[in-house]
Engineer: 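Here it is, the structure in full.
Here is how names work: the chains are called A, B, and so on, in the same order as the sequence lines, proteins then strands, and each is numbered from 1. Quantities reported herein were computed from a predicted structural model and do not represent experimental measurements. What's counted below: heavy atoms across the whole structure, side chains too, no hydrogens, waters or symmetry copies.
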There are 4 protein chains.
Amino acid sequence: MARTSTARTEPRRRVRGGKPHKSQRKFEQRRQQIFSGALACFERKGYHETSINDIAEAAGISSGLIYQYFNDKRDLLFQVILEILEAYNRDVPKALVGIKDPITRFQAASIAYYRVIDHRISATLFAYRESKSLDPDQIKILKTKELQTNQMLVDCIQDCVNAGYFATPNAELASYWIVTTAHAWGLKNWRLRKIVSFEDYTRQTLNLLMNGMLTNLGRSHLMGHDLLDGRPL
Amino acid sequence: MARTSTARTEPRRRVRGGKPHKSQRKFEQRRQQIFSGALACFERKGYHETSINDIAEAAGISSGLIYQYFNDKRDLLFQVILEILEAYNRDVPKALVGIKDPITRFQAASIAYYRVIDHRISATLFAYRESKSLDPDQIKILKTKELQTNQMLVDCIQDCVNAGYFATPNAELASYWIVTTAHAWGLKNWRLRKIVSFEDYTRQTLNLLMNGMLTNLGRSHLMGHDLLDGRPL
Amino acid sequence: MARTSTARTEPRRRVRGGKPHKSQRKFEQRRQQIFSGALACFERKGYHETSINDIAEAAGISSGLIYQYFNDKRDLLFQVILEILEAYNRDVPKALVGIKDPITRFQAASIAYYRVIDHRISATLFAYRESKSLDPDQIKILKTKELQTNQMLVDCIQDCVNAGYFATPNAELASYWIVTTAHAWGLKNWRLRKIVSFEDYTRQTLNLLMNGMLTNLGRSHLMGHDLLDGRPL
Amino acid sequence: MARTSTARTEPRRRVRGGKPHKSQRKFEQRRQQIFSGALACFERKGYHETSINDIAEAAGISSGLIYQYFNDKRDLLFQVILEILEAYNRDVPKALVGIKDPITRFQAASIAYYRVIDHRISATLFAYRESKSLDPDQIKILKTKELQTNQMLVDCIQDCVNAGYFATPNAELASYWIVTTAHAWGLKNWRLRKIVSFEDYTRQTLNLLMNGMLTNLGRSHLMGHDLLDGRPL
DNA sequence: AATGAATGAGCGTTCATTCAT
DNA sequence: AATGAATGAACGCTCATTCAT
């Protein structure tokens, strides 16, 4: 009866030993439906103010059905936040495909990170706000996921350091400068968007950060193919 | 039942036209008691998970009494967050007293800002998380309050720009670099504290940001009295 | 959050560290009110078919209040059954006050036992039916309580055996003959009451059981003061 | 939605005028499957705690299919209890086949009754517990069924009385002594099995009861072929 | 000023039952 | 014949808020 506080991910159907669905397709579709409904509600009203019925309504289904796809409301919250973080994890590497030059890779990764935040500002805010409501095991998973994303930035920075382009004593700290300023675009968007455009914010902030990290070698290496020079980002 | 969406601040006693307190002193004391209890609970468990009874118990009073000092639970939340922001507003100016040099003022203000965050990390996290639960009017007030604090930084930066020490096209954006990296120390403290000390974080991050803003004039002016050079911050 | 499956008895108020009630009297009164309402509902409709709202209504209070006196519905069930068993425990000893003769004591105890069942037939049925719904710890407590009551009968029987009046190899088994025939009056009352009166049932059944246990000494000792001889029981 | 309070027994297929089954055999097989699953669940967890899905899973079929064999969950409960009572009805007569002597018949019937309870203790407990959940019409049917079984004992006793072996004013009451003590073996098994074996319980209890009923004629008639004398029951 | 008993709306969750496939 | 996805009413329980004391 008592649920141990493990970070359950599987929908109940599976858990309870039911057979797999006839149609995995239909199953995933429904899941997405609920996901979208839940995300929309959570973003708008927050986790606690959203009732299961709100979600059901937003998803166009009955409330009971949700429990065939998610263990409980908290599980749904977890899944939704996880999905947001995984989107980060998916988008950043995509931006690096085919890019060889270390500094360009760093710039591309950073811009991608800024962009993914910009595209999902309210989802990002929501993830910041509501993670606290999860149980410790789930939070640990989210943190791990976040560190994975950050690691991609850390790797880019370390490559620049190894190539002699960046001089920064702590690559992970440096990665947090990117992460932090990206998130800041979301967290303080209510004000920032009134004083700079997304492009300007990205350009100026990245320039500032790179300025502080570049060696002379890096600075001269960069000339001619700085991603931040070209007009459209 | 129906809540009008005014950002009520006054305790009910006043509102209802009751007589003034025999002892304003006693009144403030009680208020503080409730404040402290509420903040402690909110930080630990979050707003929604905290019940009025939790707060009453933490404050050592009865639950009913809370309603003589605050209109409702949300009002209490509002006051508590307001108090946190006001602490920022109080501490930063204190650090500037007697300092004349623009760059030193900027550094002192920034360090003060970092420090106030560091001293109240969980309160800061809490304010970030729970502001969403307030009603629009209350949120507007908080934003105004936040802009006031930021304005102090903006002013410092603008003074540096005017003196020819900083070259930065947008002083408010620059102030956000301070604000967001300071907040980041709180928001990502779970990870950052494992890779840098508060002092190192502050020193390195401020150095980075200044590096990108200083003019040559500023750079030479700074020599000899850079707050970030002396060992203890 | 997760409640461990201990057999809680105390009302929540006390448990949660609240201060004791101003008026213990009022508290007990309310508790009794809920008790009576719950027992009435449980007897009539069974535990599962009874909703908390049914009980609240029967008790003339609001549903929420129940949770200030009982931990949950199951706790209420437990308390109610416990109360029933304790009534057995109270009534049987009363019947023995001042009686010295072993056989008379045995008869008096048995009659008392039969009587207490007869007076609370539906409560007895209810206890039989619903104990299964309790958690193991609570069931253990009930079993202990039941054994305490039985022990009084065992003692009476053993005294008779020691005095040479009864010859029965197993006093506890013999006590169960009393207990089960008494319970049978409740369990099969729907039929038994159509073929014998309570008095006749008691008289005939006890006579039968004693017949099988009495020694010749016991039989002659009994003459002249057999409780089962006098007309009114 | 509105349930008419008839004691429906027939599976829906029949009711709705569907064609007869290709294979009555298959039909009965399925029915048994569901029966077994339901009984297993009901005994272990009780009626209310068992969900239709539990039963479906235990029976290895889908939940929907149950409704082609039973009207609703209550109907299934009814059938299962009915089946338990019918097992009593089947087993007791079997024990009497070929036996002529009245007292021996009585003994054989009684032992058979004790035995059938012993073999299905948890089913017996379950029937006691859950009958309350049925509707009045269904309960009436169960009572009738129970009286039928009892009647076999009554007949045996009456035969003994008619033959002058037993002196007991009320044969049905006497039959209840058997029934009651047999059921007691189930109801109080948690304790009784710790103080006597099934054989000892049966032997001692039956001896006790017979002692009280036998006439001198009966007593001398019994000599030499008392079923309770031989070692193995 | 202070208490805490009392309320009752509202929540998350379950599950018997239906029905399209 | 058989499935299991879908429904939605109903439950146990919580807690902000009120108010008699």
Engineer: Got R31(D) and Q79(D) here, is their nearest side-chain heavy-atom distance under 4.5 Å?
Structural biologist: yes
Engineer: Assess the side chains of E57(A) and N53(A): does a donor N or O sit below 3.5 Å from an acceptor N or O?
Structural biologist: no
Engineer: Specify the separation, in whole Å, of atom CD1 of I61(D) and atom P of dT3(F).
Structural biologist: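 Between P of dT3(F) and CD1 of I61(D): 7 Å.
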Engineer: Please state whether the rings of F70(C) and F35(C) are parallel, tilted or perpendicular, taking 30° and 60° as the class boundaries.
Structural biologist: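 Rings of F70(C) and F35(C): tilted, as their planes differ by 30° to 60°.
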Engineer: Quick one: side chain to side chain contact (heavy atoms under 4.5 Å, CB included) partners of Q29(B), sequence neighbours excluded?
Structural biologist: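 Scan of Q29(B) (side chain to side chain contact (heavy atoms under 4.5 Å, CB included), adjacent residues dropped) gives none.
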Engineer: Give a yes or no on whether the ring-centroid distance for Y69(B) and F27(B) is below 6.0 angstrom.
Structural biologist: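 Yes.
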Engineer: Who are the side chain to side chain donor-acceptor pair (under 3.5 Å) partners of Q33(D), not counting sequence neighbours?
Structural biologist: R30(D)
Engineer: Run the side chain to side chain contact (heavy atoms under 4.5 Å, CB included) test against A38(A) and tell me which residues pass, sequence neighbours left out.
Structural biologist: F42(A), I55(A), L76(A), V80(A)
Engineer: Requiring both pairing distances under 3.5 angstrom, list the stems that contain DNA chain F and are made of three or more consecutive Watson-Crick or G-U pairs.
Structural biologist: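 Counting only runs of 3 or more consecutive pairs, the stems involving DNA chain F are E:2-21 with F:2-21.
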Engineer: For I55(A) and dG10(E), what is the distance between atoms CD1 and C1' respectively, to the nearest whole Å?
Structural biologist: 15 Å
Engineer: Please list, chain by chain and in numerical order, all residues satisfying side chain to side chain donor-acceptor pair (under 3.5 Å) with R129(C), sequence neighbours excluded.
Structural biologist: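 For R129(C) there are no side chain to side chain donor-acceptor pair (under 3.5 Å) partners, ignoring immediate neighbours.
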Engineer: Tell me which residues in residues 46-53 of chain C lie within less than 4.0 Å of DNA chain E, going by non-hydrogen atoms.
Structural biologist: none
Engineer: Rounded to the Å, how far apart are L77(A) CG and dG12(E) P?
Structural biologist: 12 Å
